[in-house]
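Both ligands and their constituent atoms are indexed starting at 1 by order of listing. Worth saying up front: this structure is predicted, and the values here are computed from it rather than measured.
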Amino acid sequence: MNTNEKIKKRYNRIASYFDLLQKPMGTSGFDKWRKKLIEQVNGKTLEVGVGTGKNLRFYNRDIDLTAIDFSKNMLEKAKAKYRKELPMANFMEMDVENLDFEDNTFDTVVTSCVFCSVPNPIKGLQEIKRVLKPNGQLIMLEHVRSNGKILGALMDWFNFIPLNIIGDNINRKTGENLRKAGFTDIEEVKLWKDVVKFFNVKNDFLKP
Ligand SMILES: C[S@@+](CC[C@H](N)C(=O)[O-])C[C@H]1O[C@@H](n2cnc3c(N)ncnc32)[C@H](O)[C@@H]1O
């Protein structure tokens, strides 16, 4: 089984109790950041790694939204909860590393807590760049590896625990990965220490 299949299997396995596991995050202010993230959305929108749909309640009802996830069970949860509230939304089982969309399709791409688990993050970000329109925006709410000497080292040492249980890495260098994927216009906003951040990324007008 390749890494993508392994991580997908982990999310399929935890889908039924994912919301319960994440409950403390909702009460710790994370929901306020989700709301702020979704307020920035405009135009034709792709949400990558929608999971059980935690951001969906913050979209306008008439949003032109495509929501993808490579875990069938996570996606089913989101679909079951929000099919009626978001009648224009399209839920699709898909891997961000291999997007089934034409180049230059979306005005906005949204991610939250996704690029900690995408097995090949640079490949996934390159695909997002491809499907974003020129000058389109990628907006992300992600946790990343701290640059702090001690905290960063601890995140490296203990990464194997969430990775093996959930499929989540706590030591991803998402800012660096964005640059490696070819994005250049990147704003990072620290939300909690240098660990939880917004990334506000504009797609360059000319694609490489
Ligand atoms: C930690 S959950 C976050 C879910 C949701 N975005 C949230 O904020 O609650 C990560 C999600 O990303 C999905 N995911 C991971 N790698 C993916 C990939 N390569 N393609 C599509 N979805 C992926 C997982 O299946 C899971 O649903």
Side-chain angles (χ1 to χ4, degrees), residues 1-38 41 45-59 65-82 89-101 106 108-131 138-144 159 161-172 174 177 181 191-192 195-199:
M1 197 188 296
N2 69 28
T3 315
N4 291 49
E5 288 304 319
K6 265 191 221 156
I7 303 295
K8 192 191 294 188
K9 204 170 159 198
R10 274 172 212 162
Y11 278 103
N12 277 333
R13 197 181 56 204
I14 63 167
S16 54
Y17 49 92
F18 182 81
D19 285 351
L20 199 66
L21 282 178
Q22 298 273 308
K23 220 168 183 131
M25 279 171 87
T27 49
S28 70
F30 219 85
D31 280 355
K32 149 184 108 206
W33 295 328
R34 291 183 187 279
K35 184 169 183 283
K36 221 171 155 190
L37 181 77
I38 303 306
V41 161
T45 300
L46 171 67
E47 180 164 337
V48 168
V50 66
T52 58
K54 288 184 167 295
N55 296 325
L56 296 180
R57 79 192 114 136
F58 300 115
Y59 287 97
L65 176 71
T66 302
I68 67 156
D69 203 293
F70 74 170
S71 157
K72 187 172 188 290
N73 295 355
M74 295 288 276
L75 191 70
E76 282 302 325
K77 291 262 166 199
K79 207 160 72 173
K81 281 192 271 180
Y82 288 96
N90 193 9
F91 294 89
M92 301 172 87
E93 193 180 327
M94 202 183 290
D95 190 330
V96 67
E97 294 175 32
N98 189 15
L99 292 175
D100 197 8
F101 304 114
F106 296 99
T108 302
V109 176
V110 178
T111 76
S112 70
C113 304
V114 173
F115 274 85
C116 46
S117 53
V118 173
N120 300 289
I122 298 169
K123 198 169 169 209
L125 291 167
Q126 283 169 337
E127 273 293 87
I128 289 176
K129 187 164 176 29
R130 180 182 70 73
V131 303
L138 164 61
I139 52 176
M140 312 172 85
L141 166 59
E142 297 284 345
H143 63 82
V144 297
N159 189 55
I161 300 173
L163 179 61
N164 284 302
I165 299 172
I166 324 177
D168 185 359
N169 294 274
I170 50 171
N171 65 349
R172 279 283 164 89
T174 298
N177 290 340
L191 299 172
W192 184 76
V195 172
V196 182
K197 292 181 181 178
F198 280 138
F199 292 91

Query raised in the report: Would Asp31 and Arg57 pass as an ion pair if we require N to O under 4.0 Å?
Result: yes

Requested in this report: For Phe18, take its heavy atoms, then give the atoms of ligand 1 lying under 4.0 Å from any of them.
Outcome: 1 (C), 2 (S), 9 (O)

**Report entry** Atoms in ligand 1 with a heavy atom of Lys54 nearer than 4.0 Å
**Finding:** 9 (O)

Report task. For Asn73 and Arg13, indicate whether the former's side chain and the latter's backbone hold a donor-acceptor pair under 3.5 Å. Result -> no

Query raised in the report: Any sub-3.5 Å donor-acceptor pair from Glu142's side-chain atoms to Val114's backbone N or O?
Result: yes

Report summary line: Numbered in order shown, the ligand 1 atoms found under 4.0 Å of a heavy atom of Asp95 are 18 (C), 19 (N), 20 (N)

Query raised in the report: How far is atom 27 (O) of ligand 1 from its nearest protein heavy atom, and which residue and atom name does that atom have?
Result: Asp69 OD2, 2.6 Å

Report task. Pull out every atom of ligand 1 sitting under 4.0 Å from any heavy atom of Met94, numbered as shown with elements. Result -> 20 (N), 21 (C)

Requested in this report: For atom 20 (N) of ligand 1, grab the closest protein heavy atom and report residue, atom and distance to one decimal in Å.
Outcome: Val96 N, 3.0 Å

**Report entry** atom 22 (N) of ligand 1 - nearest protein heavy atom and its distance
**Finding:** Phe70 N, 3.2 Å

Query raised in the report: Within the side chain of Asn159, is there an N or O that forms a donor-acceptor pair under 3.5 Å with the backbone of Ile170?
Result: yes

**Report entry** Side chains of Phe70 and Val96 in contact at under 4.5 Å (non-hydrogen atoms)
**Finding:** no

**Report entry** Donor-acceptor pair, side chain of Glu93 and main chain of Lys72, under 3.5 angstrom
**Finding:** no

Query - Numbered atoms of ligand 1 (with element) below 4.0 Å of Met74, judged on heavy atoms - result: 27 (O)

**Report entry** Gly49, Ala67, Ser71: member with heavy atom nearest to atom 12 (O) of ligand 1
**Finding:** Gly49

Report task. List in chain and number order the residues that pass side-chain hydrogen bond (donor to acceptor under 3.5 Å, both in side chains) with Asn4, two or more places apart in sequence or in another chain; answer none if no residue qualifies. Result -> Asp95, Glu97

Query - Enumerated ligand 1 atoms positioned under 4.0 Å from heavy atoms of Val118 - result: 16 (N), 17 (C), 19 (N)

**Report entry** Heavy-atom proximity to atom 10 (C) of ligand 1, best of Gly51, Cys113, Ser112
**Finding:** Cys113

Query raised in the report: Hey, is the main chain of Ser117 close enough, under 3.5 Å, to the side chain of Asn169 for a donor-acceptor pair?
Result: no

Requested in this report: Pick, from Arg10, Arg34, His143, the option with the minimum heavy-atom distance to atom 9 (O) of ligand 1.
Outcome: Arg34

Query raised in the report: Going by heavy atoms, is Ser117 under 4.0 Å from ligand 1?
Result: yes

Query raised in the report: Hey, is Tyr11 touching ligand 1 through its side chain, its backbone, both or neither, going by heavy atoms under 4.0 Å?
Result: side chain

Query - Donor-acceptor under 3.5 Å (Arg172 side chain, Phe115 main chain) - result: yes

Requested in this report: Compute the minimum heavy-atom distance from Asp168 to ligand 1 and say whether it is under 4.0 Å.
Outcome: no

Query - Residues in side-chain hydrogen bond (donor to acceptor under 3.5 Å, both in side chains) contact with Asp19, at least two apart in sequence or another chain - result: Thr52, Lys81

Requested in this report: Could you point out which residue of Asn55, Leu191, Thr111 forms a side chain to side chain contact (heavy atoms under 4.5 Å, CB included) with Leu141?
Outcome: Leu191

Query raised in the report: Looking at ligand 1, does Val114 have a heavy atom less than 4.0 Å from it?
Result: yes

Query raised in the report: Hey, is Val50 one of the residues with a heavy atom under 4.0 angstrom from ligand 1?
Result: yes

